[in-house]
Amino acid sequence: MTMKHSSFYKLVFLTLLAGVLFLITSCSDDEKGEAVYAAGFNTIKGDDMSNTESTLIWNTYANAFRANGLKIDDNNGTITLNVPTTSPTLEERIKTGCEEAESELESREWNGYYEYAIVGLNSKAQSIVLYSISFGSF
């Protein structure tokens, strides 16, 4: 093999290696990125057909999240940071918002039963229930 061919094969090998490394790192971006969470109701039961109680719960949590620098999409429940930050984290802000909303709602009497939860959506947070609470009784 001549020196010219040897350099060509080294270049091809290094190019392939760089491509494989790029694919590996780009596939794992989800793992390195921030977790994605969504809020919603697991269960709603009761006589509140007008949805006033579930709307009250949703709005109380949404307002607490917004007060803690979070955005919540009212259509799909996705919770994100208003401005990227490292401290406090998304999870810490969600938990703080949950505590504030919970304390505001805890003394209320409920006609129905509501299970409200925050769950992970992407692979970094998947299968994680970050927060769960029940209001009312069956």
Side-chain angles (χ1 to χ4, degrees):
M1 198 177 335
T2 66
M3 190 71 137
K4 190 175 186 180
H5 283 86
S6 177
S7 295
F8 173 76
Y9 287 118
K10 284 180 186 176
L11 180 62
V12 169
F13 175 74
L14 290 174
T15 303
L16 287 173
L17 182 61
V20 168
L21 289 174
F22 173 77
L23 285 174
I24 290 171
T25 57
S26 66
C27 290
S28 64
D29 280 348
D30 191 33
E31 301 291 321
K32 290 187 247 176
E34 183 138 14
V36 176
Y37 293 96
F41 291 95
N42 290 332
T43 305
I44 297 178
K45 293 183 181 184
D47 298 330
D48 184 27
M49 298 311 289
S50 64
N51 293 323
T52 54
E53 288 184 336
S54 59
T55 301
L56 173 67
I57 293 168
W58 180 269
N59 289 337
T60 302
Y61 277 88
N63 291 336
F65 294 148
R66 289 180 183 113
N68 282 283
L70 299 170
K71 289 189 287 189
I72 183 165
D73 185 323
D74 289 327
N75 294 318
N76 64 18
T78 304
I79 303 169
T80 55
L81 288 166
N82 271 336
V83 178
T85 181
T86 55
S87 181
T89 65
L90 173 64
E91 291 83 359
E92 291 168 336
R93 288 174 185 254
I94 290 172
K95 288 178 182 178
T96 300
C98 288
E99 290 170 4
E100 291 172 8
E102 189 177 330
S103 68
E104 189 174 329
L105 294 168
E106 69 185 354
S107 62
R108 184 172 169 83
E109 290 198 28
W110 303 97
N111 293 320
Y113 176 77
Y114 310 90
E115 288 179 8
Y116 182 85
I118 311 243
V119 297
L121 294 181
N122 66 348
S123 63
K124 184 171 181 180
Q126 197 170 20
S127 301
I128 294 175
V129 176
L130 186 63
Y131 177 83
S132 179
I133 189 167
S134 299
F135 296 99
S137 59
F138 281 103

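Every value quoted in this text rests on a predicted model; they were computed, and no experiment measured them. Starting from 1, each residue takes its place in the sequence as its number. Below, all heavy atoms of this structure are taken into account, side chains as well, without hydrogens, waters or symmetry copies.
Residues Glu102 and Tyr131 bring a donor and an acceptor atom of their side chains to less than 3.5 Å of each other. In this structure, a donor-acceptor pair under 3.5 Å is absent between the side chains of Asn63 and Glu104. If you check the side chains of Tyr113 and Ser134, you find a donor sitting under 3.5 Å from an acceptor.
Closest approach of Ala64 to Gly97, counting heavy atoms only: CB-O, 3.3 Å. Glu109 and Glu53 make their closest contact through O-OE2, 4.1 Å (heavy atoms, listed as atom of the first residue, atom of the second, distance). Nearest approach of Glu92 to Thr89, heavy atoms of both residues: OE1-N, 2.8 Å.
Note that the SG atom of Cys98 and the CZ atom of Arg93 stand 14.0 Å from one another [nearest 0.5 Å]. Within the model, atoms OG of Ser54 and OH of Tyr116 stand 11.5 Å from one another, a figure rounded to the nearest 0.5 Å. Rounding to the nearest 0.5 Å places CG of Asn68 at 11.5 Å from CG of Leu90.
Side-chain atoms of Ile72 and Trp58, non-hydrogen and from C-beta on, do get closer than 4.5 Å to each other. Between Thr96 and Pro88, the closest side-chain pair of non-hydrogen atoms is not below 4.5 Å. Under the 4.5 Å side-chain criterion, counting only non-hydrogen atoms from C-beta, Phe65 is not in contact with Lys71. In this structure, the side chains of Tyr61 and Ile133 come closer than 4.5 Å at one or more pairs of heavy atoms. Under the 4.5 Å side-chain criterion, counting only non-hydrogen atoms from C-beta, Leu56 is in contact with Leu105. Under the 4.5 Å side-chain criterion, counting only non-hydrogen atoms from C-beta, Ile79 is in contact with Ile118. Put simply, the side chain of Glu91 reaches to within 4.5 Å of the side chain of Tyr37, judged on heavy atoms. Here the side chains of Leu70 and Ile94 are in contact, with some heavy-atom distance below 4.5 Å.
A ring-centre distance under 6.0 Å is not found for Tyr114 and Phe135.
Side-chain atoms of Glu115 do not come within 3.5 Å of backbone N or O of Ser132 as any donor-acceptor pair.
A salt bridge does not link Asp73 with Arg66: none of the charged nitrogens is closer than 4.0 Å to a carboxylate oxygen.
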Tell me, with the steps shown, if Thr78 and Val36 meet side chain to side chain contact (heavy atoms under 4.5 Å, CB included).
CA-CA 7 Å; Thr78 304; Val36 176; 4.0 Å; yes

